[in-house]
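Notes follow the structure.
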Amino acid sequence: MSDAHAGPLRHHFATLQQQKESATLGMWVFIAQEIMFFGGLFGTYAIYRYLYYAAFEDASHHLDWKLGAINTGVLICSSLTMALAVHAAAVGKGKQIAAWIAATILLGSIFLGVKVVEYKEKFDHHLVPGPKFHYVPHAEAARAADPEIDRHSQIYFSLYFMMTGLHALHMIIGIPLLAWMGWRGWRGEFSALYHSPIEITGLYWHFVDIVWIFLFPLLYLIGHH
Amino acid sequence: MPTQPITSETMPKEHYLNADYGIRSWLLTIDHKRIALLYLLSVTVAFALGGAYAVLVRLELLTPAGDFFTAENYNKMFTAHGVIMVFFFMIPAIPATLGNFLLPMMIGAKDLAFPRINLLSWYLYVVGFLVTLGALFVGGLDTGWTFYTPYSTAFANSNVVAAGVGIFISGFSSILTGFNFIVTIHKMRAPGMTWFRMPLFVWAHYATSLIQILGTPVVAVTILMVAAERLFKFGFFDPTRGGDPILFQHLFWFYSHPAVYIMILPAMGVISELVTCFSRKRVFGYDFIAMSSLAIAVLSFLVWAHHMFVSGMSVYAAMIFSALSFLVAIPSAIKVFNWTATLFRGSVSWQTPMLYAMGFIGLFLIGGLTGLFLASVGLDIHVTDTYFIVAHFHYVMVGGTIMAYLGGLHFWWPKMTGRLYPEWWARVSAVLVFVGFNTTFLPQFILGYLGMPRRYYAYPEEFQVLNVMSTAGASILGVGFLLPIFYLAWSMRYGRISSANPWPATGLEWQTPSPPPTENFPRTPVVDEEAYDYTRPPKEIALV
Amino acid sequence: MWQGFPLFPEQASSLAARVDEFYIFMWLVTAFFTVTISATMLYFAVRYRRRRADERPGEIHGSLALELTWTIIPLLIVVVMFVWATLLFFAQRRTPDDAMQVTVVGKRWMWKLQHMTGQREINELHVPVGKAVRLMLTSEDTIHSFYVPAFRMKMDAVPGRYNETWFRATKPGKYHIFCAEYCGTEHSGMIGWVYAMEPTDYQLWLAGGPAPVSLAEMGQKLFAERNCATCHTPQGAGRGPVLNGLPGSKVLLQGGEEWVADDTYLRESILRPSAKIVSGYQPVMPTFQGQLGEEDLAALIAYIKSLPAAAGDAAGRPSSNVPASK
């Protein structure tokens, strides 16, 4: 039951190589599952966007694309720092791992902070779906283009909150995982021979980044030229 | 007697059951075999609860009037029956008990790839089950296990969100099990165990795991959307807010149809193992059975809208889903033919596992072929949402999966416990199950065609005779299901001690003591022959 | 003997016999395969019963010929099933042109049926034998499903849309209506009867009872009750556009867009008047959302359609909609 006995090799694996390959395959399988998880929402988005394009376009303009772009940049940078952390682990530089992880967590937190600002803004402008939802079209002609814009924009914002919320939740789960990896790295647990945990955590983080890279244009940039 | 299992004087000295004692050694175990037994206990509890609700439902249906329970309570009872049976019994039963126990052994591994995640899977199951039970017992849920919108999102005054959370949590149990199995099969096979030397049970679980990881997340996110709609008034499925209630059905069935193949594929894997051992002959058409499992997994994702033929879909969409639904039946047919051919010129024993296997083949034929009735849109229009559907899916799920589960449980019981079950009682139970089952569900085909809809607690008088027959059958079926609980428990203490390989059967799991040691094999086996080689006597086992 | 133990509902529609024929065919195929395969299996199990504990039968890996046979033959059989069932399905979905229409609204827990001639029924549907009937189904709340076993007909009633199905009753009689989509507490109570009647009896039924009010007459009553005439006068002197001759014509909306005043537009303008304001008018019409049910809306629309077009009304509608006060 103890996993500290023979170094990193767990008892049920024959070799470290087998263990590493299993961990990596496992992460890819998990990511396939995550793609299907978000897939349901992306599918719903695709259908409603096709049906209610005018409303979606107008509602998208209520999002601050500049904040979204900043967040995109922040997350991409965090993927870079994450990759550097994994590299540091591969060469066994424990302190560097911790530093790069800290940078990743910092960037991730900035992302979440910006999201809080955005969410609050939506709340103030009555754009949170529910009884208090009150939609003021961004463009004059929007209501003429879609008389049902009050209902359809509410669908847009339901999707906005659901998709970005789920994404943010994945980041909130990821950050403690990162912290754990950073701590293990600081303690010198990773080396060229054994750094699967941080590698697969990195894969997870990159996946979360990629989801955002899809969310940003789909939610923020509808109709932007 | 030619069909007596081989007994032994004594149990092995050290095995996984006595390797450690105390509740902590069970609740914190990472041994896949102990986890399998934890699951066995849990799913049996679930089955008993789900079965109890079924009894109550059938009691109400003895009379045409709704005079036993109130309408609300009846609706909560059939919902509880469905939710518990589908999510907490049918989905995990074979994979999490037999699959967990046998998969590593069948491929010569010491454990699954991720033993701690395996334990986590069990805890997620238990937590999910408790949360759901809380929702079912305290206030109840009355949406049906399919919780269609807008009823579930805008009208139901019951614990939709709480039950949804419980099911969501248990969904991750299913996902993690599938994930564990896939990596294990890819990476942990013993030297010489190539893909096409693996037992068909393993192939079946591989295909099942593919469905688990790709399908379950979709229903998970759908549950979240339903919860968001109830709690925050998001409007995905609400027509008064621009949403579409039919979208829910698409999202729901995109998982729930493949889910029924999660339920049947492992059962088919069990049947392959039973048929070969009790014919003492390799499975006829091994490659075809293996590939048909994969074909079923892929095709299962393409047919979901056959549950929605009367929702108002276009003629073209209906035609496509109808054609694909016919297609998905073909790989299953191939299996049935191959199993039957396996008996040809074999050495057939009529012991209990084989009785269940033969029962499976007959009942799965009826269940699967009545599925073709439903793929036929013109006919489905008349019988959908009636008792015909209820009869169809019980034929495949009970006549199919549960019979395979019981057959497998009996077959591997000596391996898991070191004891033999009492054969006479087991045969009696098998016969009771078969007779009781058909008496319960055959009348329901007729009831459905006559027009009795599902989920009705009161019905026109002319349907009473068939309903009474059905309830009578249910009482026989209930006895048939209860008996094994008693004699299997009894056998753990008083059953005859089994040898390592009592039947005897091929397969790596039988080349190690019964019960096995914690690490499964004293030395990693090396595989140099195909599966199911019955031409030679079983290998000698070095009992360390 | 069969009367005492029926296996089929009555065949009371033009397609019922075809559905039953296909059903019997399917059972024959099912019985054939179930019996032959089970019998083969049992025969093998008996014939090759284990006689000695150490029996070792020979090896048979498989047979490509057999695999192909029992793949291709089932494939051909399901193709036959598919074609037969799909042709039947086409017939079920092709509503005859001469069908009479009945609007069916499902509501927890009752069926509200509305004939075009004005009759309204609750949980009952009177129809003449031999005439095709088109059902336009919708729901006011949850999804329901309108099911008449004797006609082998079922279609969901979904809120927010209309689903269409049809039948032609062939035998006078009384046939069950069931709701077939679970909709809550009294789902099993949401039942009724179709009364298929000889045409002469049907005429009697139409004429019997209080003189049925046509949809348009109902609409006229509502129009007066709700004071629509206060703003919508035939001469165009009120605060609202003239409604005479409006249905089907083009209107000029604020913002310059032209819109065809079809049924959907009319319905929307009653429920959400600010959605499409006619050019030159103020957004002062109150909304009737929540105050008028589907039947009321249908009645008002029928009434508006029945209004005579204003005298001298040429192609250019907008000119006659210049508001009085400008």
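Keep in mind it's a predicted model, so treat the numbers as computed, not measured.
- Only the side chain of A:I47 comes within less than 4.5 Å of a heavy atom in chain B; its backbone stays farther off.
- Remark: A:W65 CH2 is loosely packed, at most 12 non-hydrogen atoms of other residues, nucleotides or ligands lying under 6.0 Å away.
- Closest of all the heavy-atom pairs between A:H12 and B:D111 is CB-CB, 3.8 Å.
- Heavy atoms of A:F38 lying under 4.5 Å from chain B are absent altogether.
- With a 4.5 angstrom heavy-atom cutoff, B:P239 touches chain A only via backbone atoms.
- Looking at A:Y48, the atoms closer than 4.5 Å to chain B (heavy atoms on both sides) all sit in the side chain, from C-beta outward.
- For a residue to count as touching a neighbouring chain, one of its non-hydrogen atoms must lie under 4.5 Å from one of that chain's; by this rule B:I213 touches chain A with backbone and side chain alike.
- Legend: salt bridge (Lys or Arg N to Asp or Glu O under 4.0 Å) pairs involving residues 149-173 of chain A, not counting sequence neighbours, sorted by first then second residue: A:R143-A:D150, A:E148-A:R151.
- For a residue to count as touching a neighbouring chain, one of its non-hydrogen atoms must lie under 4.5 Å from one of that chain's; by this rule A:I35 does not touch chain B.
- Using a 30° and 60° split on the angle between ring planes, A:F161 and B:F234 fall in the tilted class, from 30° to 60°.
- Contact record, A:S22 with B:F114: O-CZ, 3.4 Å, taken as the closest heavy-atom pair.
- Contact count against chain A (heavy-atom pairs under 4.5 Å) is highest for B:R241 among B:K233, B:Q212, B:R241.
- With contacts defined as side-chain heavy-atom distances shorter than 4.5 Å, the pair B:F232/A:M162 does not qualify.
- Side-chain contact check for A:F13 versus B:K110: every heavy-atom pair is 4.5 Å or farther apart.
- In this structure the side chain of A:Q154 never reaches within 4.5 angstrom of the side chain of B:D238, judged on heavy atoms.
- When all heavy atoms of B:G235 and A:S158 are compared, the pair lying nearest together is N-OG, 3.5 Å.
- Contact annotation for residues 112-137 of chain A against chain B (heavy-atom separation below 4.5 Å, listed by residue number): A:P129, A:G130, A:P131.
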Please lay out, stage by stage, how A:H11 and B:T518 fare under the test side chain to side chain contact (heavy atoms under 4.5 Å, CB included).
CA-CA 12 Å; A:H11 73 282; B:T518 303; over 6 Å; no

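- Proximity to chain A at a heavy-atom threshold of 4.5 Å picks out B:I175, B:F179, B:I182, B:V183, B:H186, B:K187 from residues 173-187 of chain B, in numerical order.
- Contact count versus chain A (heavy atoms, under 4.5 Å) is highest, among B:T216, B:D244, B:T524, B:N520, for B:D244.
- A 4.5 Å side-chain heavy-atom check between B:F254 and A:M36 finds at least one atom pair inside the cut-off.
- For residues 218-228 of chain B, a heavy-atom distance under 4.5 Å to chain A picks out B:V218, B:A220, B:V221, B:L224, B:M225, B:A228, given by residue number.
- Sparse packing is recorded around CH2 of A:W28, with 12 or fewer heavy atoms of other residues, nucleotides or ligands lying under 6.0 Å away.
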